[in-house]
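So you know, we letter chains A, B, ... as the sequences are listed, proteins then strands, and number each from 1.
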Amino acid sequence: QQQVKQSPQSLIVQKGGISIINCAYENTAFDYFPWYQQFPGKGPALLIAIRPDVSEKKEGRFTISFNKSAKQFSLHIMDSQPGDSATYFCAPKDGSSTLGRLYFGRGTQLTVWP
Amino acid sequence: DAGVTQSPTHLIKTRGQHVTLRCSPISGHKSVSWYQQVLGQGPQFIFQYYEKEERGRGNFPDRFSARQFPNYSSELNVNALLLGDSALYLCASSPGQVNQPQHFGDGTRLSIL
């Protein structure tokens, strides 16, 4: 069963615009909420992550917003650039075990037009 | 500092064969996880190892096995390959403490003919 639902599947944004990707989850045992960025031919790279005791985290142009009661979190990319064109995955971690496994969403393919 | 390294980068096999994929974690990282990424989908968890012990297993058949060595490197073995095993196999390492991020290698692209 799919524990993580990511939307949209694809997103086209003009340079300088705001990109917003959403992730909804069911498992209340998730305790760590990262976003990964993946370029073609490369492995996923950690972009930004948040813990459930915080509602928002900002790192440069990237912001995570977290809504624990709604079991949703989102990635906002401000001033989107062509170099941001990639596939983005939410991948919450199951905290029921010590190390935990990541549950990846299906991904969002972002295209930023110059 | 070197990141997670995986070998080989590409591999072509035929149905029924077996394959061994290798992973070297970031220096100092004691935990290694394996994921399968089918084209157009997100990675799916296969195994997690810490200090040479299996700490987690995903919903994959027994044809998939793995191990971790004393130097923390790891191997993923797949027997009796099927066409559906064609995928990018990713290795991720982490220090092993709670809530430490996982860092991924660039994967091994396995194609089954």
A.B. asks: Just wondering, are more than 12 heavy atoms of other shown residues or ligands nearer than 6.0 Å to CG in B:Asp62?
C.D. replies: no

A.B. asks: What do the steps show when you test B:Gln37 against A:Phe89 for side-chain contact (heavy atoms from CB on, under 4.5 Å), and what is the final call?
C.D. replies: CA-CA 12 Å; B:Gln37 186 176 22; A:Phe89 295 96; 3.5 Å; yes

A.B. asks: If you draw a 6.0 Å radius around CG in B:Leu39, do more than 12 non-hydrogen atoms from other residues or ligands fall strictly inside?
C.D. replies: no

A.B. asks: Using a cut-off of 6.0 Å, state whether more than 12 heavy atoms not belonging to A:Gln9 lie near its atom CD.
C.D. replies: no

A.B. asks: Does atom CG (A:Asp53) have a neighbourhood of more than 12 heavy atoms from anything else shown, all under 6.0 Å?
C.D. replies: yes

A.B. asks: Side chain, backbone, both or neither: which part of B:Gln6 has an atom under 4.5 Å from a heavy atom of chain A?
C.D. replies: neither

A.B. asks: Side chain, backbone, both or neither: which part of A:Pro34 has a non-hydrogen atom closer than 4.5 Å to chain B?
C.D. replies: neither

A.B. asks: I'd like to check A:Leu102 versus B:Phe104 (side-chain heavy atoms, cut-off strictly below 4.5 Å). Are they in contact?
C.D. replies: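 In short, these two side chains touch, coming nearer than 4.5 Å.
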
A.B. asks: Can you measure from CG (B:Leu90) to CZ (A:Phe104) and round to the nearest 0.5 angstrom?
C.D. replies: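 If I round to the nearest 0.5 Å, the distance is 7.5 Å.
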
A.B. asks: Is there side-chain contact between B:Tyr35 and A:Pro44, with heavy atoms separated by less than 4.5 Å?
C.D. replies: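 Side chain of B:Tyr35 against side chain of A:Pro44, heavy atoms only: no contact under 4.5 Å found.
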
A.B. asks: Sort A:Leu46 into side chain, backbone, both or neither according to what part of it lies under 4.5 angstrom from a heavy atom of chain B.
C.D. replies: side chain

A.B. asks: For B:Pro101 versus A:Tyr32, what's the shortest heavy-atom pair and its separation?
C.D. replies: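 The pair with the smallest heavy-atom distance is CB-OH, 3.5 Å.
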
A.B. asks: Look only at the side chain of A:Tyr103 and the backbone of B:Gln44, and say whether a donor-acceptor pair between them is shorter than 3.5 Å.
C.D. replies: no

A.B. asks: Surrounding CD of A:Gln109 (heavy atoms of other residues, nucleotides or ligands, distance under 6.0 Å), is the total greater than 12?
C.D. replies: no

A.B. asks: What's the spacing between B:Gln102 CD and A:Tyr36 OH if we round to 0.5 Å?
C.D. replies: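 It comes to 5.5 Å.
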
A.B. asks: Using non-hydrogen atoms only, which part of A:Gln38 is less than 4.5 Å away from chain B: side chain, backbone, both, or neither?
C.D. replies: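 Only the side chain of A:Gln38 comes within 4.5 Å of chain B.
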
A.B. asks: Taking atom CZ of A:Arg61 as the centre, does the number of heavy atoms from other residues, nucleotides or ligands within less than 6.0 Å exceed 12?
C.D. replies: yes

A.B. asks: Find out if a path of hydrophobic residues (ILVMFWY) with successive side-chain heavy-atom gaps under 4.5 Å connects B:Leu81 to B:Tyr89.
C.D. replies: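 In one cluster: yes.
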
A.B. asks: Given the rule that I, L, V, M, F, W and Y join up when any side-chain heavy atoms are under 4.5 Å apart, are A:Val112 and A:Met78 in one cluster?
C.D. replies: no

A.B. asks: At what distance, to the nearest 0.5 angstrom, does CD of B:Gln41 lie from OG1 of A:Thr87?
C.D. replies: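 Reported value, rounded in 0.5 Å steps: 12.5 Å.
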
